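These notes are about the structure you will find just below.
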Amino acid sequence: MHAQSSPHTTTTSERGSFALARCSCGWTGPARRSRDRARTDAADHLRTAAEPEA
């Protein structure tokens, strides 16, 4: 059996007074004034990306 590595690696960056969450898969979250909210967006993306498709 092979261990699957996730193609999703998230980062947050700042652009002016906004924080953005981005993923290596190409997903980009909305611009947020709250850095914490941008990190939450990234965590939510990872969680939904890890869910098995039905």
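Not measured: the values here are computed from a predicted model. Values below: every heavy atom of this structure, side chains too, minus hydrogens, waters and symmetry copies.
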Interatomic spacing from [atom1] in [X] to [atom2] in [Y] - rounded to 0.5 Å:
{"X": "Thr12", "Y": "Arg22", "atom1": "OG1", "atom2": "CZ", "result": "10.5 Å"}
{"X": "Asp36", "Y": "Thr40", "atom1": "CG", "atom2": "OG1", "result": "4.5 Å"}
{"X": "Thr28", "Y": "Leu20", "atom1": "OG1", "atom2": "CG", "result": "7.5 Å"}

Considering all heavy atoms, the nearest Ala19-Ser34 contact: CB-O, 4.3 Å

Which atom names give the shortest non-hydrogen contact between Ala21 and Ala42, and what distance separates them? CB-CB, 3.9 Å

Applying side chain to side chain donor-acceptor pair (under 3.5 Å), name anything that partners Arg35, two or more places apart in sequence or on another chain. Glu14

Listed by chain and number, what are the side chain to side chain donor-acceptor pair (under 3.5 Å) partners of Arg32, not counting sequence neighbours? Asp41

State whether a side-chain donor-acceptor pair under 3.5 Å links Arg33 with Ser17. yes

What class does the angle between the rings of His45 and His8 fall in, given that below 30° is parallel, 30 to 60° is tilted and above 60° is perpendicular? perpendicular

Donor-acceptor check, side chain of Thr11 to backbone of Cys23, threshold 3.5 angstrom: yes or no? no

